[in-house]
Amino acid sequence: MQRYSGLTLLRHVLTGHRHWKPLWRTPEPKPHYDVIIIGGGGHGLATAYYLAARHGIRRVAVLEKGWLGGGNSGRNTQVTRSNYFYPVSTRFFDRSLQLYERLGKELNFNVMLSQRGVLNVATSLHELELMRRWANAIALNGVDAQLLTPQEVRRAVPRINLNARVPIVGGFIQRRAGISRHDAVNWAFARGADALGVDLIQNCEVTSFTQSDSRVTGVVTTRGVLSADRIAIVASGHSSELARRAGFRLPLTSMTLQAMVTEPVKPVLDTVLVSPSVHVYVSQSDRGELVIGAGADVYHSYMQRGSLATTEAAITALLELFPSFGRLKLMRQWAGVVDVSPDTSPIIGKTPVENLYISCGWGTGGYKAIPAGGETLAYTIAHDAPHPLIESFALSRFTTGALVDEGAAAGVAH
Amino acid sequence: MMQIECPYCGLRDEIEFSFGGEAYLTRPDLSVDDVEWTQYLYFRHNLKGLHAERWRHTHGCGQWFNAVRDTATHQFVKSGETADQPPQRRIGEIA
């Protein structure tokens with residue numbers, strides 16, 4: 001792997017930038033792999049990287065039907081946080097945030113982590129009570145959370161309208177949270193995995209599985225039939241499709257989640273502002289664009305577009321909180337296919353089919369989980385047993401009723 | 001913005017409706033085991049392609065009805081079957 005540093009950059013400058021190497025190879029698929037990962041998004045790429053880096057399993061292929069990071073990993077609003085409610089959730093997501101904190105160094109790639117805080121505002125006394133409960137739960141789990149008065153909110157977010165139709169009565173902030181650059185995270189894991197010998201195969205769609213008894217033995221793809229000892233489905237919105245081809249069902253709903261950006265402007269917002277009830281969240285990228293997200297289009301869809309009505313609802317909420325943003329032009333809008341589970345918590349671990357693993361159900365909150373998702377799934381595949389951090393997120397929990405109902409508990413969709 | 005055909009009110013904008021999940025789910029007898037009960041409560045088809053689903057015209061007549069829509073194109077294949085009619089056929093084969 002061609003290492004990046006100030007010194008190597010200088011060398012490239014002095015040699016006219018003629019010696020940059022591609023970030024990864026484009027190999028032809030081999031007939032057999034130890035592990036095949038279906039899905040070349042952040043989670044799939046991170047899993048491949050950790051399989052190679054932590055477990056020495058390098059005969060691995062990542063199969064991606066489109067281009068690497070072209071799915072939800074490249075379409076999110078980049079929020080990186082660990083302010084969850086249940087201890088099992090907070091432990092997992094904070095592990096992910098901790099991995100994010102040293103990711104750039106470990107992968108030798110600037111992931112542009114900016115720990116500018118995620119600030120949640122409350123617009124009623126009831127919501128403030130909920131937030132106090134939420135912040136206390138987080139603090140009890142050993143993760144940073146600080147309650148704020150309206151004045152402190154105004155100091156952190158000078159442009160916010162404190163006395164909108166629904167006044168802001170307070171909030172809380174997780175200071176270690178923030179944003180990072182989603183494409184960089186995808187590419188960093190891809191480059192790291194490739195350097196360790198993982199084959200990244202793009203334009204390769206899995207159409208079915210080859211099975212022997214109740215075991216998977218390989219995949220049939222648009223680029224040939226490949227065999228593997230172990231296979232993992234890491235395909236977010238398309239998880240149910242792949243599960244059906246392997247002979248089992250999932251409790252997921254694939255729906256549209258939109259994101260949008262305004263034209264770039266000078267710095268006007270230096271934290272991530274989230275309003276659960278006036279439903280919108282917004283941050284400002286280093287390019288100056290306001291990055292906006294809100295609620296999902298709540299019906300099954302694989303279109304990656306979203307209804308203009310939902311876009312309008314997101315902007316309405318934004319302008320209620322930031323009237324001055326009404327002067328900005330909306331530059332671009334897009335969407336992903338998010339797989340939402342009944343308890344808004346992920347499903348990760350083994351499946352009813354032997355040698356087949358899955359990581360799905362990340363819903364609207366998969367981006368922040370990429371490092372820990374990859375780390376725990378890699379462990380699970382290597383040991384054929386769930387990593388301790390993800391034991392509560394097994395598919396079997398729906399039968400026992402031991403749901404990790406984060407959405408209800410924290411009062412946020414996650 | 002999708003336009004949805006309500007069997008009572010005709011073609012209306014999507015924002016007048018609430019989505020009601022997959023249609024034709026049969027609530028099992030309470031004597032079934034946990035596994036079968038879980039299947040009914042949580043497990044769904046969720047496939048790309050034709051999907052039988054329920055809609056409610058919340059900001060209109062308020063009635064529930066069933067429809068078949070392609071989740072890849074949002075095209076409604078058949079709409080307006082009222083929810084209290086028994087299904088003409090099992091749509092388990094869809095997709």
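Below, chains carry the letters A, B, ... as their sequence lines are ordered, and counting in each starts from 1.
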Visitor: If I compare all heavy atoms of A:Val298 with all of B:Phe19, which pair ends up nearest, and what's the gap?
Guide: O-CD2, 3.3 Å

Visitor: Could you tell me which portion of A:Leu242 (side chain, backbone, both or neither) has an atom closer than 4.5 angstrom to a non-hydrogen atom of chain B?
Guide: neither

Visitor: Counting only heavy atoms closer than 4.5 Å, note whether B:Trp37 contacts chain A via side chain, backbone, both or neither.
Guide: neither

Visitor: Would you mind checking which part of B:Ser18 comes under 4.5 Å of any heavy atom in chain A, side chain (CB onward), backbone (N, CA, C, O), both or neither?
Guide: neither

Visitor: Do you know the tightest heavy-atom contact between B:Glu14 and A:Tyr299?
Guide: OE2-OH, 2.9 Å

Visitor: Just wondering, are more than 12 heavy atoms of other shown residues or ligands nearer than 6.0 Å to CD in B:Gln75?
Guide: no

Visitor: Non-hydrogen atoms of chain B under 4.5 Å away: do they reach the side chain of A:Leu252, the backbone, both or neither?
Guide: both

Visitor: With a cut-off of 6.0 Å (strictly less than), are more than 12 heavy atoms of other residues, nucleotides or ligands near CH2 of A:Trp334?
Guide: yes

Visitor: Please find the pair of heavy atoms, one from B:Phe43 and one from A:Pro251, that lie closest to each other, and give the distance.
Guide: CE2-CD, 3.6 Å

Visitor: Just by distance, with hydrogens left out, do A:Ser254 and B:Asn46 show a side-chain donor and acceptor under 3.5 Å apart?
Guide: yes

Visitor: Is the count of non-hydrogen atoms from other residues, nucleotides or ligands lying under 6.0 Å from A:Arg223 atom CZ greater than 12?
Guide: yes

Visitor: Answer with yes or no whether the side chains of A:Ser301 and B:His74 bring together a donor and an acceptor at under 3.5 Å.
Guide: yes

Visitor: What pair of heavy atoms forms the shortest contact from B:Thr38 to A:Thr399, and how long is it?
Guide: OG1-CA, 3.2 Å

Visitor: Shortest non-hydrogen contact from B:Met1 to A:Ala309?
Guide: CE-CB, 3.8 Å

Visitor: Please examine the side chains of A:Glu241 and B:Leu47, heavy atoms only from C-beta on, and report whether any two atoms are closer than 4.5 Å.
Guide: yes

Visitor: What distance do A:Arg249 atom CZ and B:His45 atom NE2 have between them, rounded to the nearest 0.5 Å?
Guide: 4.5 Å

Visitor: Under 30°, 30 to 60°, or over 60°: which ring-plane class applies to B:His51 and A:His300, parallel, tilted or perpendicular?
Guide: tilted

